[in-house]
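For ligands, and for the atoms within them, numbers begin at 1 and follow the listed sequence. Everything quoted here is computed from the prediction, not taken from an experiment. Numbering starts at 1 and runs along the sequence shown.
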Amino acid sequence: MNELKLSKRLEAVSSFIPKNSILADIGSDHAYLPCYAYLKGLIERAVAGEVVEGPYQSAKEQVTKTELTAVIDVRKGNGLEVISPNEVTCITIAGMGGTLIQSILENGKEKLEGVQTLILQPNIGAKKVREWLVANEWELVAEKILEDEGRIYEILVAERGDSEKPYEKKKAASLLLGPFLAKEKNAVFIQKWSQELEHWKKIVSQLEVAAPTESNQEKKKELQYKIQLVEEELDVENS
Ligand code: SAM
């Protein structure tokens with residue numbers, strides 16, 4: 001029997017895939033996600049895209065081993081260049097930085113025709129992804145934050161719609177923290193932002209004794225602004 005155990009992180013990503021999707025998993029590496037999604041009956045078929053030879057080969061091996069070559073097409077290429085417009089209905093991009101995810105979406109905009117759902121899991125820099133979604137008329141419809149093997153991950157799910165809707169209140173804080181995550185404020189969310197606060201405050205105190213160059217002052221101001229946004233959201237008093 002073809003059993004495949006996914007990490008808690010990828011399993012959470014898969015939980016947002018709409019039933020009967022035609023999936024493109026970009027930066028698929030080992031292709032665990034599309035294989036698992038097919039075996040779970042979530043998708044009809046998939047494209048697994050990889051730009052690097054090693055991961056591309058391991059995706060091909062995994063798909064062959066799982067006997068899914070008829071339904072999962074492993075393609076080598078950069079970002080969304082591996083798919084055509086109207087070919088897939090759902091795209092997953094997981095395990096990369098937010099800036100890379102944003103640039104993959106931006107560079108492949110014309111390939112998003114026919115896509116109904118984007119499931120994006122930036123390891124860092126989720127704000128960049130939210131900003132891209134707002135600017136491109138993708139409405140954030142769900143978010144999840146979770147801890148897996150000692151690391152904290154965010155998952156962003158978007159559909160076509162009113163991209164400003166989730167940010168009606170406190171836009172700057174919502175872009176940074178995530179409007180759904182900030183509303184839910186679960187323990188992982190508190191942990192993530194408490195750690196960030198501690199880290200930023202340490203940098204601010206280092207900048208306070210560093211040479212008062214323009215760039216140091218700029219950096220300090222930016223961090224103080226972010227500290228204020230996050231403290232307001234976490235309800236930190238007397239800081
Ligand atoms: N998506 C898998 C996951 O979440 O476990 C793999 C994540 S792995 C850290 C990131 C993968 O993305 C690497 O295999 C890398 O080669 C691939 N990648 C990076 N930039 C890419 C791009 N522009 N197009 C396609 N794949 C890319």
- Message: Run the salt bridge (charged side-chain N to carboxylate O under 4.0 Å, His left out) test against Asp29 and tell me which residues pass, sequence neighbours left out.
- Response: none
Contact table, ligand 1 N/O with protein N/O, distance under 3.5 Å:
unit_1	atom_1	unit_2	atom_2	d
ligand 1	1 (N)	Gly27	O	2.7
ligand 1	1 (N)	Ala94	O	3.0
ligand 1	4 (O)	Arg9	NH1	2.7
ligand 1	4 (O)	Arg9	NH2	3.4
ligand 1	4 (O)	Ala94	O	3.3
ligand 1	5 (O)	Arg9	NH2	2.8
ligand 1	14 (O)	Glu50	OE2	2.4
ligand 1	16 (O)	Glu50	OE1	2.9
ligand 1	16 (O)	Glu50	OE2	3.4
ligand 1	23 (N)	Asn78	OD1	2.7
ligand 1	24 (N)	Gly79	N	2.8

- Query: Using 4.0 Å as the upper bound for N to carboxylate O, is an ion pair formed by Arg130 and Glu143?
  - Reply: yes
- Message: Check this for me: does any side-chain nitrogen of one of Arg151 and Glu147 sit under 4.0 Å from a carboxylate oxygen of the other?
- Response: no
- Polar side chain donor-acceptor pair, Glu233 to Trp193, under 3.5 angstrom: no
- Any residue meeting salt bridge (charged side-chain N to carboxylate O under 4.0 Å, His left out) with Glu61, in chain and number order, not counting sequence neighbours: none
- Transitive ILVMFWY cluster of Val51, excluding itself - 4.5 Å side-chain cut-off: Val52
